[in-house]
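Okay, structure first, notes after.
Hydrogens, waters and symmetry mates are skipped; everything else that's a heavy atom, side chains included, is used. Positions are given from 1, in the same order as the sequence printed here.
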Amino acid sequence: MSGSVGAWLYKTIETIRGEKTTDWTFVDRLPDAGLADVPLVSIKPDEAYIEIFVESMRLKQARRFGTGFHGLVYLFARLSQEGAEDADLAAVSKPAKLAELDASNLDRVITVSDRMMGAVPWRGGSLALELGLFSVKKGNLLSPLLDYVARVSEVGGISFIGQVKPFLPLITEGMDLIAGQTQDAVIEVAIDTTLTLKESRICAIVGMPKGSLEEAKLTIDPSDRKLLCDGRPLEEAYCVFSIRSTNQKADYGAIPELKASWAELRSAIQSNDRTRADNSLGAFSRAVLVSPDLINRDKERLVAKAKQLLDSAFPKGPAPVSRKISPSEIGKAQLSDLRLYE
């Protein structure tokens with residue numbers, strides 16, 4: 001993967017391991033397990049959003065610590081964009097079920113279904129992906145550093161393309177500091193790959209060298225999403241993750257650029273100034289049009305909803321006596337109150 005951020009993972013693996021990177025087994029499409037929340041459906045450019053979830057994992061290398069440790073998941077994704085440079089997203093997660101484990105947990109399969117990348121528009125092209133599962137020894141230095149990196153990732157957002165960009169260097173720098181503690185950090189499994197998406201899928205990274213495992217025998221247990229080999233639980237380190245498709249961006253009301261423009265439109269409506277409100281609607285419509293966080297269908301729908309709200313605040317002709325909602329009251333509506341998908 002090109003780019004200073006995207007090239008980070010495998011260099012880090014070599015730092016931790018002190019040797020050339022192992023090509024772990026990567027299965028880019030496991031058989032359909034019939035999971036209700038991961039339907040395997042087609043993904044068409046600009047007609048859907050994609051999300052990435054870590055479904056389950058098994059730790060193995062952490063036994064060398066002989067003490068408490070944390071599980072950490074790192075994700076970097078690069079997506080094609082319309083008429084613009086590729087969009088980069090990064091996330092670091094310390095799921096609650098991976099916090100402060102110890103050697104007695106190593107034989108357990110951890111089921112998390114943790115969202116690593118929120119709904120972002122799929123524009124077609126390719127998805128460049130880095131995903132790594134780390135075990136980090138619990139300690140006075142690394143524990144708070146882990147918490148800090150995870151918080152930075154959360155503040156940066158996992159589904160807003162514009163918002164996360166300034167946080168990318170902070171996330172990778174934090175991970176560099178963690179990886180630099182080579183006696184206290186171990187890589188379980190990782191992948192650096194580029195995918196061409198035609199449909200949603202469930203994938204797996206297994207801590208075994210490529211070619212040493214019969215991939216056709218791998219399946220998912222639908223009860224707890226653990227990885228099976230020939231029908232039996234696989235006793236190796238692994239990470240199962242899904243690339244999902246959704247037709248809705250549930251957090252559209254939190255898109256930073258649109259929230260700011262919407263606040264101005266609300267203020268204009270509350271002032272009962274139709275000319276100002278019309279100008280604000282135009283500015284909001286332009287912000288929606290250029291937003292990288294919405295597919296075209298939702299852009300059109302959102303602008304139409306905003307216009308309907310404006311028209312209800314300033315109806316043509318004399319205001320009907322029966323009207324019970326004033327412009328100031330209508331102007332209190334939040335962006336999420338537009339109910340985009342109703």
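Distance check: Asp23 CG to Met208 CE gives 14.0 Å after rounding to the nearest 0.5 Å. Atoms SG and CG, on Cys239 and Leu133 in that order, are 5.5 Å from each other to the nearest 0.5 Å. Atom OG of Ser126 and atom CG of Asp86 lie 7.0 Å apart (nearest 0.5 Å). Once rounded to the nearest 0.5 Å, the distance linking CD1 of Ile205 with CG of Leu131 reads 5.0 Å.
Among pairs with a residue in residues 186-221, none fulfils ring-ring contact (aromatic ring centres under 6.0 Å, His included), at least two apart in sequence or across chains. Screening residues 263-302 for ring-ring contact (aromatic ring centres under 6.0 Å, His included), with sequence neighbours left out, gives Trp262-Phe284. Counting only residues at least two apart or on different chains, the salt bridge (Lys or Arg N to Asp or Glu O under 4.0 Å) pairs with a member in residues 274-295 are Glu264-Arg276, Arg274-Asp278, Arg274-Asp311. Screening residues 42-53 for side-chain hydrogen bond (donor to acceptor under 3.5 Å, both in side chains), with sequence neighbours left out, gives Asp46-Arg123, Asp46-Asn296, Tyr49-Asp298, Glu51-Arg115. Applying the salt bridge (Lys or Arg N to Asp or Glu O under 4.0 Å) definition to pairs two or more places apart or across chains, those involving residues 240-254 are Asp37-Arg244, Glu55-Arg244, Lys249-Asp251.
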Fill in: Candidate pair Ile243 and Met117, rule side chain to side chain contact (heavy atoms under 4.5 Å, CB included), full reasoning
CA-CA 9 Å; Ile243 302 174; Met117 186 181 82; over 6 Å; no

Item to complete: Might you work through the side chain to side chain contact (heavy atoms under 4.5 Å, CB included) test for Leu302 and Leu335, ending with a clear yes or no?
Response: CA-CA 9 Å; Leu302 189 57; Leu335 184 55; 4.2 Å; yes

Item to complete: Apply side chain to side chain contact (heavy atoms under 4.5 Å, CB included) to Leu310 and Lys307, showing your working.
Response: CA-CA 5 Å; Leu310 180 63; Lys307 187 176 186 305; 5.5 Å; no

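Scanning for salt bridge (Lys or Arg N to Asp or Glu O under 4.0 Å) contacts around Lys305 gives an empty result, with sequence neighbours left out. In this structure Arg339 satisfies the salt bridge (Lys or Arg N to Asp or Glu O under 4.0 Å) test together with Glu342, sequence neighbours excluded. Ala237 pairs by the side chain to side chain contact (heavy atoms under 4.5 Å, CB included) definition with Lys60, Glu188, Val189, not counting sequence neighbours. Taking the side chain to side chain contact (heavy atoms under 4.5 Å, CB included) definition, one finds that Val27 meets it with Thr25, Leu30, Glu215, Leu218, sequence neighbours left out. Listed by chain and number, the residues in a side chain to side chain contact (heavy atoms under 4.5 Å, CB included) with Glu199 are Arg29 (sequence neighbours excluded). Every residue two or more places apart in sequence or in another chain was checked for a ring pair (Phe, Tyr, Trp, His ring centres under 6.0 Å) with Phe241, and none qualifies. For Gln334, the side chain to side chain contact (heavy atoms under 4.5 Å, CB included) partners two or more places apart in sequence, or in a different chain, are Arg266, Ser336, Asp337.
In the hydrophobic clustering of ILVMFWY residues, with side-chain heavy atoms under 4.5 Å counting as a link, Val54 and Leu228 come out apart. Transitive grouping of hydrophobic side chains (ILVMFWY, heavy atoms separated by less than 4.5 Å) brings Phe167 and Met175 into a common cluster. Tracing side-chain contacts under 4.5 Å through hydrophobic residues (I, L, V, M, F, W, Y), one reaches Tyr341 starting from Ile295; they form part of the same cluster. Leu79 and Val290 fall into different hydrophobic clusters, where Ile, Leu, Val, Met, Phe, Trp and Tyr residues are linked whenever their side-chain heavy atoms come under 4.5 Å apart, directly or through other members. Linking Ile, Leu, Val, Met, Phe, Trp and Tyr whenever their side-chain heavy atoms come within less than 4.5 Å puts Ile255 and Val303 in one cluster.
Residues Gly207 and Trp24 share a closest heavy-atom pair of CA-CD1, 3.2 Å. Annotation for Ser242 and Val38: closest pair CB-CG1, 3.8 Å, computed over non-hydrogen atoms. Of all non-hydrogen atoms in Gly125 and Thr196, the two that sit nearest each other are O-CG2, 4.1 Å. In plain terms, the two heavy atoms of Ala77 and Leu127 that are nearest each other are CB-CD1, 4.1 Å. Heavy-atom minimum distance, Met116 versus Val73: CE-O, 3.6 Å. Between Arg201 and Asp28, the closest heavy-atom pair is CD-O, 3.0 Å.
Between Val149 and Leu72 the shortest side-chain heavy-atom distance does not fall below 4.5 Å. Looking at Arg78 and Thr194, their side chains never come closer than 4.5 Å, going by heavy atoms from C-beta outward. Asn272 has its side chain within reach of Phe314: a pair of non-hydrogen atoms, C-beta onward, lies under 4.5 Å apart. Counting heavy atoms from C-beta outward, Leu89 and Leu75 have side chains that stay 4.5 Å or more apart. Side chains of Leu340 and Gln248 form no contact here, defined as non-hydrogen atoms less than 4.5 Å apart. Side-chain contact between Glu236 and Leu227: absent, with no pair of heavy atoms (C-beta onward) separated by less than 4.5 Å. At least one side-chain heavy atom of Lys226 sits less than 4.5 Å from a side-chain heavy atom of Tyr238. Residues Ile220 and Pro31 are not in side-chain contact: their nearest non-hydrogen atoms beyond the backbone lie 4.5 Å or more apart.
Under a 3.5 Å cut-off, the side chain of Lys299 and the backbone N or O of Ser291 do form a donor-acceptor pair. In terms of modelled atom types and a separation under 3.5 Å, the side chain of Thr219 and the main chain of Ala33 share no donor-acceptor contact. Side-chain atoms of Ser56 do not come within 3.5 Å of backbone N or O of Val240 as any donor-acceptor pair. Of the possible polar contacts, none joining the Ser261 side chain to the Leu258 backbone as a donor-acceptor pair under 3.5 Å is found.
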